[in-house]
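As structure tokens, the structure follows; a few thoughts come after it.
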Protein chains: 2
Amino acid sequence: MSARLESRGTPGRILDVSERLAQTRGFNGFSYADIAGELDVTKASLHYHFATKAVLGRVLIARYHEVFAGLLGQIDASTTSAAEKLRRYVGLYRGVLVNDRLCLCGMIAAEHATLPKPMQGEIRRFFTANEAWLAAVLEQGERDGELHLRGTSLEVARLLLSALQGAMLVARSYRSVARFDVSAKRLLASLAAEPRTSRGIKPRAR
Amino acid sequence: MSARLESRGTPGRILDVSERLAQTRGFNGFSYADIAGELDVTKASLHYHFATKAVLGRVLIARYHEVFAGLLGQIDASTTSAAEKLRRYVGLYRGVLVNDRLCLCGMIAAEHATLPKPMQGEIRRFFTANEAWLAAVLEQGERDGELHLRGTSLEVARLLLSALQGAMLVARSYRSVARFDVSAKRLLASLAAEPRTSRGIKPRAR
DNA sequence: GTCTATAGGTGGATAGAC
DNA sequence: GTCTATCCACCTATAGAC
């Protein structure tokens with residue numbers, strides 16, 4: 001997430017700036033004027049590419065979701081251990097937080113009541129997709145004897161997603177990535193198959 | 001939290017309305033005009049009681065913190081079991097969520113970057129106070145053999161606070177209190193000294 | 001595709017009468 | 001303490017020239 005290159009083309013650059021502003025200030029916390037100022041174009045020009053802010057918001061979430069899904073695919077493709085997948089998943093969130101951002105969808109979820117209906121639906125889709133991916137990883141981990149779930153995979157996945165979103169929210173208030181790290185570590189540790197290792201998940205196979 | 005009576009007096013009523021609006025729409029999601037409309041007074045009248053919105057925000061958080069601290073005091077005074085204290089703490093959050101609100105400070109934390117500095121500090125104070133209360137309860141629970149922490153009490157307290165904030169955030173996107181309940185239940189279960197799930201036997205190292 | 005110019009609305013905030 | 005009236009900055013959005 002943090003390593004993604006800058007987009008080329010005007011629409012892509014508009015989305016890049018909007019995304020950063022939305023993740024730091026919220027969807028209602030930035031304006032077309034803010035984007036225009038950063039890109040040295042006029043507000044009218046922005047309206048040519050994204051007719052209304054509601055449209056911009058929907059495209060923003062759709063692209064975010066798409067990119068995120070791609071990253072999860074990369075994790076799946078290059079990682080075998082479920083515990084390691086989870087660590088890399090946490091790493092994605094961490095990469096967002098170190099840039100003083102929140103997850104786009106976590107941030108926008110806070111503004112839920114003020115959003116156009118289509119955006120609300122897109123956010124749920126993002127959450128649901130994340131929960132499904134996490135649930136699959138958790139099930140794999142349990143099958144492999146690497147993880148021990150104390151509930152259904154979906155329940156644990158939902159707790160995991162919620163807890164990470166909350167950990168980012170609170171940690172950012174303190175400007176402390178360390179706070180996030182500690183909470184994330186405890187979360188993963190609670191899923192480890194061997195309760196005696198309080199330091200983290202089972203060491204990865206080398 | 002959910003059972004608190006309406007305040008008397010104009011300043012109190014202004015704060016009541018502002019609090020609800022801030023918890024549902026965010027601090028940047030409501031205006032003096034919104035408050036004025038609900039209370040049938042003019043914007044000018046609001047400015048008499050709270051000169052600027054920044055002042056209103058600070059008083060809002062201060063009052064919220066005060067009331068919340070009072071509720072924690074009530075829990076301490078009327079509950080002996082640490083596990084039961086935690087359940088009642090979770091109940092406070094639940095009571096907020098069923099009214100389609102988020103914790104005032106969780107909500108405002110999302111808007112962190114757009115807030116006046118004094119408000120940012122007040123939010124951290126609220127979080128820190130919650131963490132301290134939780135840590136004390138957790139320590140009591142471990143002493144009593146009721147809870148088993150897999151980390152320092154402060155670390156676990158921080159995870160607990162973050163996870164509950166996140167659980168509210170996500171659950172509200174789905175308008176589903178059940179989602180919150182499940183996550184909260186799993187969280188508390190992970191702290192129980194003896195897991196009494198249907199799986200029965202304490203997990204052992206393989 | 002990008003610009004200038006502007007419409008029409010709402011934001012927080014103030015002056016001064018009552 | 002509450003009102004009317006107003007200021008000015010900013011918001012989203014559009015019309016029309018280039």
Side-chain angles (χ1 to χ4, degrees), chain A residues 6-61 107-108 110-120 122, chain B residues 6-61 107-108 110-120 122:
Chain A
E6 287 174 11
S7 303
R8 282 170 308 193
T10 306
R13 283 202 308 267
I14 294 171
L15 289 172
D16 286 347
V17 173
S18 302
E19 187 175 282
R20 194 188 71 248
L21 290 172
Q23 289 181 272
T24 50
R25 306 178 54 87
F27 185 71
N28 297 322
F30 73 96
S31 68
Y32 273 40
D34 294 324
I35 311 168
E38 289 206 37
L39 293 179
D40 274 311
V41 295
T42 60
K43 292 186 288 173
S45 195
L46 302 179
H47 279 286
Y48 170 80
H49 295 285
F50 302 96
T52 67
K53 206 184 173 189
V55 168
L56 173 63
R58 267 192 22 233
V59 177
L60 212 48
I61 301 179
M107 175 61 113
I108 294 185
E111 303 176 281
H112 178 268
T114 68
L115 299 175
K117 276 257 160 62
M119 285 182 69
Q120 298 179 353
E122 291 284 340
Chain B
E6 288 174 9
S7 303
R8 281 172 307 194
T10 306
R13 282 201 308 267
I14 294 170
L15 290 173
D16 286 348
V17 172
S18 303
E19 187 175 281
R20 194 189 69 248
L21 291 173
Q23 287 181 272
T24 50
R25 307 176 54 87
F27 186 70
N28 297 322
F30 74 97
S31 68
Y32 272 41
D34 294 324
I35 311 169
E38 288 206 38
L39 293 179
D40 274 311
V41 295
T42 60
K43 290 190 292 172
S45 195
L46 301 178
H47 279 286
Y48 170 80
H49 295 286
F50 301 97
T52 69
K53 206 184 173 190
V55 168
L56 173 62
R58 265 192 26 233
V59 176
L60 212 49
I61 302 177
M107 175 61 113
I108 294 185
E111 303 175 281
H112 177 269
T114 68
L115 299 175
K117 277 258 159 60
M119 284 182 68
Q120 298 180 351
E122 291 284 340

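Keep in mind it's a predicted model, so treat the numbers as computed, not measured. Just so we're on the same page: letters track the sequence lines, and every chain starts at 1.
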Distance in angstrom units between His49(B) NE2 and dA13(C) P, rounded: 16 Å

Summary of protein contacts for nucleotides 11-18 of chain D, nucleotide by nucleotide, where a base hit scores B, a sugar-phosphate-only hit scores S (4.0 Å, heavy atoms): SBBBB---

Partners passing ring-ring contact (aromatic ring centres under 6.0 Å, His included) against His47(B) (at least two apart in sequence or in another chain): Tyr32(B)

Set of ring-ring contact (aromatic ring centres under 6.0 Å, His included) partners for Phe50(A), sequence neighbours left out: none

d(CD1, Ile35(B); P, dG12(C)) in whole Å: 8 Å

Heavy atoms of other groups near Arg20(B) CZ, more than 12 under 6.0 Å: yes

Under the side chain to side chain donor-acceptor pair (under 3.5 Å) test, residues paired with Thr24(A) that sit two or more places apart: none

Between dT4(D) (P) and Tyr48(B) (OH): distance, integer Å: 18 Å

Spatial distance of atom CZ (Arg25(A)) from atom NE2 (His112(B)) [nearest 0.5 Å]: 12.0 Å

Point-to-point distance, once rounded to the nearest 0.5 Å, from CG of Leu21(B) to CD of Glu38(B): 5.5 Å

End-to-end axis angle, where each axis spans five pairs of the helix from dG1(C)-dC18(D) to dC18(C)-dG1(D), to 10°: 0°

Atom-pair distance (CG on Asp40(A); C1' on dG1(C)), nearest Å: 16 Å

Listed partners of Ala44(A) passing side-chain contact (heavy atoms from CB on, under 4.5 Å), at least two apart: Thr42(A)

Distance below 4.0 Å between Thr42(A) side-chain N/O and dC3(C) OP1 or OP2: yes

Side-chain (Glu111(A)) to main-chain (Asn28(A)) donor-acceptor, under 3.5 angstrom: yes

Short side-chain N/O contact from Thr10(A) to OP1 or OP2 of dT2(C), under 4.0 Å: yes

